[in-house]
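Contents: one structure, followed by commentary.
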Number of protein chains: 2
Amino acid sequence: MDKEITSDSFLDTCLSKCATNEYIQQIKKSLPPDHELIELANFFKVFGEHTRIRILSALYHHELCVCDLVEILGMTQSAVSHQLRVLRTSKIVKYRKEGKNVYYSLDDEHVYKLIDDGLEHVKESMVKK
Amino acid sequence: MDKEITSDSFLDTCLSKCATNEYIQQIKKSLPPDHELIELANFFKVFGEHTRIRILSALYHHELCVCDLVEILGMTQSAVSHQLRVLRTSKIVKYRKEGKNVYYSLDDEHVYKLIDDGLEHVKESMVKK
DNA sequence: ATTATATATGAATGTATGAACATATGAGTA
DNA sequence: TACTCATATGTTCATACATTCATATATAAT
């Protein structure tokens, strides 16, 4: 997305005038299509959960099998497996089978970037307090 | 005939095959502290909701007041205002008051980067289908 | 073939939360 | 002052979802 669509008048008007304001219509049209925004929200939603973000943090540096994750997180195998399914379905992690074990790792570089940016933001906003 | 399978014994066996306990401890220590991961999950959670991501998309290009957003999203003022509070509390948007109006905008560059990376990932994974 | 191990999954349940409705606050205006 | 407009918030309700328990599947070992 490109930043900044400038106008001179849309800011100082409100509801009664905005309803027919061409800039409001322009903004509506400039939004990404709704199915993309739904996908985007679903994508972020997967990161927005404590257990899943812990799994992703653990996988950040290492490929790990399920029982490793169970041990690291201190949770039941079932709980971990259920969350891994969510991560798999969302294409945020990938996996390979090797004998009885299944090894998970982060899917692509977007996942790394998102974690990096998110952590950076969180650390900064913690300092501000 | 009944057999006893304790979860402890299965974990021990798995550990010896997957990773040494020492290695697991090392990974545990390398994880970001839990309060950071909780903050991180909460941060992402805010992006992971349809209405809020639509608000952020609209604010991506323009500072907008509440009634503008109401008009763009086609939702009740109450619903928009409630979600704006969530975004405010999470320091994802900032606001300034001007008379009766309150103007919202994205808080910092991290927010832009996250939306960019997220959208990029979503578009790519849609192409793959 | 039988048993053990590693992982996945279906069902049940309690909790979290988004939206609607009603109402409150607060700033401008007549 | 009273009144309107823009925004915020408390409450209720219905839905979503994370965890637990029980069980299924699949692979390896004996």
Side-chain angles (χ1 to χ4, degrees), chain A residues 11-19 37-38 41-42 44-56 63-90 93-104, chain B residues 1-19 38 41-42 44-55 63-90 93-104:
Chain A
L11 280 181
D12 46 33
T13 62
C14 213
L15 190 60
S16 55
K17 296 182 181 177
C18 286
L37 291 181
I38 289 172
N42 288 337
F44 280 124
K45 188 179 298 179
V46 179
F47 290 80
E49 205 276 325
H50 188 214
T51 296
R52 288 193 293 263
I53 206 74
R54 287 175 75 209
I55 292 176
L56 296 177
E63 175 189 66
L64 294 169
C65 71
V66 178
C67 61
D68 290 333
L69 287 167
V70 167
E71 184 59 24
I72 290 167
L73 302 185
M75 298 179 66
T76 66
Q77 179 270 322
S78 177
V80 172
S81 208
H82 274 292
Q83 295 308 331
L84 283 171
R85 183 156 80 121
V86 175
L87 292 166
R88 247 187 297 133
T89 304
S90 309
V93 301
K94 57 190 174 190
Y95 65 99
R96 65 184 180 84
K97 298 186 181 181
E98 187 177 313
K100 284 182 295 185
N101 297 313
V102 179
Y103 290 91
Y104 284 87
Chain B
M1 275 196 281
D2 289 328
K3 59 211 159 145
E4 340 150 324
I5 304 178
T6 70
S7 57
D8 280 339
S9 66
F10 123 74
L11 275 181
D12 289 342
T13 311
C14 179
L15 263 182
S16 61
K17 289 189 177 182
C18 299
I38 290 172
N42 287 337
F44 280 125
K45 187 179 298 176
V46 180
F47 289 79
E49 204 276 326
H50 187 214
T51 296
R52 287 192 294 263
I53 207 74
R54 288 175 74 209
I55 291 176
E63 175 188 67
L64 294 169
C65 70
V66 178
C67 60
D68 290 331
L69 287 167
V70 167
E71 186 57 26
I72 290 168
L73 302 185
M75 298 180 67
T76 66
Q77 180 270 322
S78 176
V80 172
S81 206
H82 273 289
Q83 295 309 331
L84 282 172
R85 182 156 81 121
V86 175
L87 292 166
R88 245 188 297 131
T89 305
S90 309
V93 300
K94 58 190 173 188
Y95 65 99
R96 66 185 178 82
K97 298 186 181 180
E98 188 178 309
K100 283 183 295 187
N101 297 313
V102 180
Y103 290 92
Y104 284 87

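By convention in this document, chain letters (A, B, ...) are assigned in the order of the sequence lines, proteins followed by strands, and residues within each chain are numbered from 1.
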Spacing between [X] atom [atom1] and [N] atom [atom2], to the nearest angstrom:
{"X": "A:Lys97", "N": "C:dA6", "atom1": "NZ", "atom2": "C1'", "answer": "11 Å"}
{"X": "A:Tyr95", "N": "C:dA8", "atom1": "OH", "atom2": "P", "answer": "8 Å"}
{"X": "A:Arg85", "N": "C:dT7", "atom1": "CZ", "atom2": "C1'", "answer": "13 Å"}
{"X": "A:Gln77", "N": "D:dC21", "atom1": "CD", "atom2": "P", "answer": "13 Å"}
{"X": "B:Asp68", "N": "D:dT7", "atom1": "CG", "atom2": "C1'", "answer": "13 Å"}
{"X": "A:Ile38", "N": "D:dA16", "atom1": "CD1", "atom2": "P", "answer": "14 Å"}
{"X": "B:Tyr103", "N": "D:dA8", "atom1": "OH", "atom2": "P", "answer": "13 Å"}

**Asked** Which part of the nucleic acid, if any, lies within reach of A:His82 when heavy atoms closer than 4.0 Å are counted: base, sugar-phosphate only, or nothing?
**Response** base

Residue [X], side-chain heavy atoms: nucleotide from [options] that is nearest:
{"X": "B:Arg88", "options": "D:dT9, D:dT7, C:dT7", "value": "D:dT9"}
{"X": "B:Lys100", "options": "C:dA20, D:dA6, C:dA8", "value": "D:dA6"}
{"X": "A:Ala79", "options": "C:dT7, D:dA22, D:dT19", "value": "D:dT19"}

Report each atom pair, protein N/O against N/O of nucleotides 15-18 of chain C, whose distance is under 3.5 angstrom.
residue: C:dG18; atom: OP1; partner: B:Arg52; partner atom: NH2; Å: 3.3
residue: C:dG18; atom: OP2; partner: B:Arg52; partner atom: NH1; Å: 3.2

**Prompt:** Is there a donor and acceptor pair closer than 3.5 Å between the side chain of B:Ser81 and the base of D:dT9?
**Reply:** no

**Message:** Please determine whether a side-chain nitrogen or oxygen atom of A:Tyr104 lies at a distance below 4.0 Å from atom OP1 or OP2 of C:dA8.
**Reply:** yes

**Asked** Given D:dT27, is OP1 or OP2 found less than 4.0 Å from the side-chain N or O atoms of A:Asn101?
**Response** no

